[in-house]
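Below, each value reflects all heavy atoms present in this structure, side chains not excepted, and no hydrogens, waters or symmetry copies. FYI, the numbering just counts along the sequence from 1.
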Amino acid sequence: MASPRTITIIALSVALGLFFVFMGTIKLTPRLSRDAYNEMKRAYKSYVRALPMLKKMGVSSILLRKSIGALEVTCGIVMTLVPGRPKDVANFLLLLLVLAVLFFHQLVGDPLKRYAHALVFGILLTCRLLIARQPEEQLPEKRILSVNGEEQPLIHEAAPEKGKMKVS
């Protein structure tokens, strides 16, 4: 049976992965929702206007929106389907991306209701990353030594550690 920690990591990975695949797809194509796609186009135009440095670097609102959308879709697929360390890398990249998006929202003065979802999913990404990076708790094995037909714990397990008192 899987541990509660493992189940939590899997559930968060799948839910977050699917969310970012969905949001990234909305940024890339109007097929899912034409209204949401048009809203994304408008929002990214305001982000580039608010940061003239992007314009100087040759980053247009279209390039910014499509880059972020492609990164969200890619990381979302990794979070959903790929096992192991790549999930943590995708999680970290998405967390950086959420922080950038929060910065953009603050820069243009959006109200909280426009970026509340980014805050919530940023917190969920942080929780998933913290849970995944914690070492798995393992129960100590009981090792038994058989002496003259009697089972006894090994000597270093039977004696209390130096400086510690054994309480019964």
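- Sequence neighbours left out, not one pair with a member in residues 51-83 passes ring pair (Phe, Tyr, Trp, His ring centres under 6.0 Å).
- Note that CG of Asn91 is 10.0 Å distant from CG of Leu96, once rounded to the nearest 0.5 Å.
- Residue-environment remark: CZ (Arg31) stays at or below the threshold of 12 foreign heavy atoms within 6.0 Å.
- The hydrophobic cluster containing Leu18 does not contain Leu93, counting ILVMFWY residues as joined when their side-chain heavy atoms lie under 4.5 angstrom apart, directly or transitively.
- In this structure, Leu12 is not a member of the same hydrophobic cluster as Val82, with clusters built from ILVMFWY side-chain heavy atoms closer than 4.5 Å.
- Minimum heavy-atom separation, Ser46 to Val108: O-CG1, 3.6 Å.
- Looking at heavy atoms from C-beta onward, Ser61 lies out of side-chain contact with Lys41 at the 4.5 angstrom threshold.
- The two atoms that bring Ile9 and Ala132 nearest to each other are CD1-CA, 3.6 Å, heavy atoms only.
- Applying the side-chain contact (heavy atoms from CB on, under 4.5 Å) rule to Ala100 yields no partners; only residues at least two apart in sequence or on another chain are considered.
- Closest heavy-atom contact between Cys75 and Ala90: O-CB, 3.7 Å.
- Cluster partners of Leu81, using a side-chain heavy-atom cutoff of under 4.5 Å among ILVMFWY residues and allowing indirect links, are Val21, Leu28, Val73, Ile77.
- Looking at residues two or more places apart in sequence or on another chain, you find a ring-ring contact (aromatic ring centres under 6.0 Å, His included) between Tyr47 and Tyr44, Phe104, His105.
- For residues 70-94, no residue pair satisfies the ring pair (Phe, Tyr, Trp, His ring centres under 6.0 Å) rule, not counting sequence neighbours.
- Applying the 6.0 Å contact sphere to CG of Leu32 captures more than 12 heavy atoms from other residues, nucleotides or ligands.
- In terms of modelled atom types and a separation under 3.5 Å, the side chain of Thr8 and the main chain of Pro4 share a donor-acceptor contact.
- Ile26 and Tyr115 fall within the same hydrophobic cluster, where Ile, Leu, Val, Met, Phe, Trp and Tyr residues are linked whenever their side-chain heavy atoms come under 4.5 Å apart, directly or through other members.
- Not counting sequence neighbours, the partners of Arg5 by the salt bridge (charged side-chain N to carboxylate O under 4.0 Å, His left out) test are Glu136.
- Contact of the Val101 side chain with the Phe121 side chain is not registered, since no non-hydrogen atoms from C-beta on lie closer than 4.5 Å.
- For the pair Phe20/Val98, a side-chain contact is recorded, criterion being any heavy-atom separation below 4.5 Å from C-beta on.
- Here the straight-line distance linking atom CG of Leu64 with atom OG of Ser60 works out to 8.0 Å at 0.5 Å rounding.
- Annotation for Leu95 and Gly122: closest pair CD1-O, 3.5 Å, computed over non-hydrogen atoms.
- For Arg133, the salt bridge (charged side-chain N to carboxylate O under 4.0 Å, His left out) partners are Asp88, not counting sequence neighbours.
- Here salt bridge (Lys or Arg N to Asp or Glu O under 4.0 Å) pairs that include residues 117-126, with residues two or more places apart or in two chains, number zero.
- Under the rule for a side-chain contact (heavy atoms from CB on, under 4.5 Å), the partners of Leu107 that lie at least two apart in sequence or sit in another chain are Ala50, Leu51, Phe103.
- Taking each heavy atom of Met79 and Gly17 in turn, the nearest pair found is CB-CA, 3.8 Å.
- Residues passing the salt bridge (charged side-chain N to carboxylate O under 4.0 Å, His left out) test with Arg85, sequence neighbours excluded: none.
- Two different hydrophobic clusters hold Val89 and Ile10 under the rule that ILVMFWY side chains link at heavy-atom gaps under 4.5 Å.
- Here Leu130 pairs with Thr126 under the side-chain contact (heavy atoms from CB on, under 4.5 Å) rule; sequence neighbours left out.
- Sorted by first and then second residue, the side-chain hydrogen bond (donor to acceptor under 3.5 Å, both in side chains) pairs involving residues 71-84 (not counting sequence neighbours) are Lys27-Glu72.
- Checked by atom type and distance alone, the side chain of Asn38 pairs as donor or acceptor with a backbone atom of Arg34 at under 3.5 Å.
- Residue Lys87 holds its NZ atom at 6.5 Å from CZ of Arg128, rounded to the nearest 0.5 Å.
- Note on Leu119 and Leu97: same hydrophobic cluster, where clusters join Ile, Leu, Val, Met, Phe, Trp and Tyr whose side-chain heavy atoms are under 4.5 Å apart, directly or indirectly.
- Counted within 6.0 Å of CZ on Phe22, heavy atoms from surrounding residues, nucleotides or ligands total 12 or fewer; the atom is thus considered open.
- Taking NZ from Lys45 and CD1 from Ile62, the interatomic distance works out to 7.0 Å, rounded to the nearest 0.5 Å.
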